[in-house]
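The sequence lines fix the lettering, A, B, ..., with proteins before strands; numbering per chain opens at 1. Here the structure is a predicted model, which means the values were calculated and not measured.
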Protein chains: 2
Amino acid sequence: MDPLTEAKKKLMPEMTELLKKRYQILQTIGLEQPIGRRTLSELAGMTERDIRKETDLLRNQQLIEARTSGMYVSVQGEEVLEALKDFMREMAGLSDMEKQLKSILGITRVLILPQDSDDIPAVKANIGKEAARLLETKFPLYKKIAVTGGSTMAAISKEITADKKDASLQFIAARGGLGEDVLHQANTIASLFAEKTGGAVKTLYLPDHLSAEAYEMMMREPVIKEMMELYDQTEVVVHGIGNAEEIALHRKSSVEEVNRIRNGGAVSEAFGYYFDKEGNVVYRIRTAGIQMEQVQNAPFILAVGGGRSKATAILSYFKIAPPQTTLITDEGAARKIIELTQKQEEF
Amino acid sequence: MDPLTEAKKKLMPEMTELLKKRYQILQTIGLEQPIGRRTLSELAGMTERDIRKETDLLRNQQLIEARTSGMYVSVQGEEVLEALKDFMREMAGLSDMEKQLKSILGITRVLILPQDSDDIPAVKANIGKEAARLLETKFPLYKKIAVTGGSTMAAISKEITADKKDASLQFIAARGGLGEDVLHQANTIASLFAEKTGGAVKTLYLPDHLSAEAYEMMMREPVIKEMMELYDQTEVVVHGIGNAEEIALHRKSSVEEVNRIRNGGAVSEAFGYYFDKEGNVVYRIRTAGIQMEQVQNAPFILAVGGGRSKATAILSYFKIAPPQTTLITDEGAARKIIELTQKQEEF
DNA sequence: AACAAGTGGGACAAAAATCGTCCAGCTCGA
DNA sequence: TCGAGCTGGACGATTTTTGTCCCACTTGTT
């Protein structure tokens, strides 16, 4: 920290806390607008009085506007949020946490966004936005991009902006239908990416759960073979990280499957693989999607996922994640991950 | 102001005032240490309670130490003062005021130091220190330096440090004895300069008030002639600016003299010349010191003087001051000067 | 050696600000 | 049309701040 800020902190020790508090409030309003005092006080974990005091001030400073439907961040407020973005990252220790996560997860790049998407759904949109920005920088370099499904992935597709169309881009659905909401399926998301960027799309319309025989047969189909070849050539993989149990329940998994997953101690899921705490593959769905080896060969991998509830899943998957993976997550997940590893160290 | 600070100000409007207040207190303690709450509250113009609250905090922050003899700035406190120096100059608007003074006084360089030497005598030492620093940078370039007397000049002599001796420096007393305290006479101060820098000194031992005949006669004396030649060659002039009335009363002036000075509306004094508000010479002591023309020929001139009580004098003298003059003053004088000129504009 | 001026810290009642908690009146989406 | 959720107002209870003492002590001077 620069000596000027250091000195100010010495002279005004209250500043740090107060700045954090007000920034968080302003930020939360920005994410959840329009929002009222009571809802806000729950999200921020403060008393209503406190929230009221601060929002009154923010209103006087014209950083927010209060309408009958709730409070909104004003244009000036947006500017303040933007101007303080990096500074607050430092203050909240996000930069420090990024360093810690890099070391814990064994990867070279981590981006942590403020707040917790478990509490504030809009944080997911933030993750999506940053992921989209990062991806866009890779488009000139890499053309073959495999994407998976999930709500965070959907958030990315929403935030991709098409400054300049690039017809040479090719988006590949990394797996088939998973019994999820259609909007969150890999196919849908790959299509959205393609549409926004002007690129092409390859979808994989295959049910997820196949018998051994059907699987073998499909693999001999030319359409499927072509997909497998594409997977071999994949340069970029963008994927979410799932909670094993959540996903297993959400899918139309058989009782036998659920049992194997549970008994094996699976906590995370990615590309149809289920991993336990140590990163061992506990179970694997026989699907025609991208294979782990193919993922590992991709020069750039982007993993996304936030919320403290995903901490164990992230921790598990990154035991075996390729080191060239970049993780974009949020403060809630990051704090939980650090907390979990520290507890582990105690024993 | 940079956008980051701007944004912080928006989010924490109390910050500005609070920072100013605490910095001023810390600064004043630094100047007047050891000092107690009550004395401090008078100097700073705050209530004792307020001072107490803030000093309690400063003590907790380990920026000051409280002994039974009073409060002292700690080493950490010094560091904080130093780190915030430039920032606070901006905050207090000193930089802005410097610009204004340059324009008002018609010179190219002005340095304003914080606080008011009328309230806090130690501010004079600060002026002295900055003047000494500035002078020292000129020593390699200019060797013949004329100095006058006065308390501020004495402050400079105290602060001159002799990093490396320079025997080629020559200090010249710019005028004779003026009935002032010996310690504040030009001769004494020139000697001090010479001693500290390892240079030579030329003193002028002549009473200040001479009859016309005595003056004519002295001017033909070789010793005096030599001085006049030195004045012609003078490269640097360092001088104070006096309050006409104050100086006239302080000297053993005749009644007739005092009347001429008063009736003429003299407000400032320098080099034995008395000037009215418009900068006209109202009266002049027939002394063998440096002449105004000789001052004007010097490539570098340093004028020093602070305290709001000197504002009118400074304003007056600078009506005719050579443009190559640099002024070092304090906040008190600067504010008053600006106030006076703004009032004038109203009419 | 006595003294006066000045010091920080303790104390405490009075005054002020803050806090918790209601409610009225409004808008907006279902 | 209804109800959930919103803002802004209100107000007594509570906490904090403020003004103002005093006291024991150091320090420099007489």
Looking at D/dG19, does its base get a donor-acceptor pair with the side chain of B/R52 below 3.5 Å?
-> no

Separation of C/dG6 atom C1' from B/E42 atom CD, nearest Å, is 12 Å

So, A/D86 and A/R89, do they make that salt bridge, N to O below 4.0 Å?
-> no

Interatomic distance where CD belongs to B/E32 and C1' belongs to C/dG6 [whole Å] = 14 Å

Taking only the side-chain heavy atoms of A/E48 (C-beta and beyond), determine which of C/dT21, C/dG6, C/dC19 contains the nearest atom.
-> C/dT21

CG of B/L111 to OG1 of B/T329: how many Å apart, nearest 0.5 Å?
-> 9.5 Å

Look only at the side chain of B/Y72 and the backbone of B/A66, and say whether a donor-acceptor pair between them is shorter than 3.5 Å.
-> no

If you take atom types as modelled and just measure distance, does the side chain of B/R37 reach the base of C/dG9 with a donor-acceptor pair under 3.5 Å?
-> yes

Give B/T55 one of three labels, base, sugar-phosphate or nothing, depending on what nucleic acid heavy atoms sit under 4.0 Å from its own.
-> nothing

When all nucleic acid strands are considered with a 4.0 Å heavy-atom cut-off, which category describes B/R67: base, sugar-phosphate, or nothing?
-> sugar-phosphate

Atom CG of B/L57 and atom P of D/dT18 are separated, to the nearest Å, by 13 Å

Look at A/T47 and C/dG20 and indicate whether a side-chain polar atom (N or O) is within less than 4.0 Å of OP1 or OP2.
-> yes

Distance from A/E331 atom CD to A/Q24 atom CD, nearest 0.5 Å?
-> 8.0 Å

Kindly say whether, by distance alone, the side chain of B/R38 makes a donor-acceptor pair under 3.5 Å with the base of C/dG8?
-> yes

Between B/K53 and D/dT18, does any side-chain N or O lie under 4.0 Å from OP1 or OP2?
-> yes

Assign each of B/G70 and A/R49 the nucleotide of DNA chain C bearing its closest heavy atom; nearer the 5' end lies the nucleotide of B/G70

Give a yes/no answer on whether the side chain of B/T39 brings an N or O atom under 4.0 Å of OP1 or OP2 in C/dT7.
-> yes

Find the distance A/I35:CD1 to D/dA4:P and express it as a whole number of Å.
-> 19 Å

B/I51 CD1 to D/dT18 P, straight-line distance once rounded to whole Å = 13 Å

When rounded to whole Å, the CE to P distance for the pair B/M71 and C/dG6 reads 14 Å

Just how far, in rounded Å, is P of D/dT7 from CD of A/E54?
-> 15 Å

Electrostatic pair B/E6:B/K8 at N-O distance under 4.0 angstrom = no

Integer-rounded Å distance: D/dG9 C1' and A/D56 CG = 11 Å

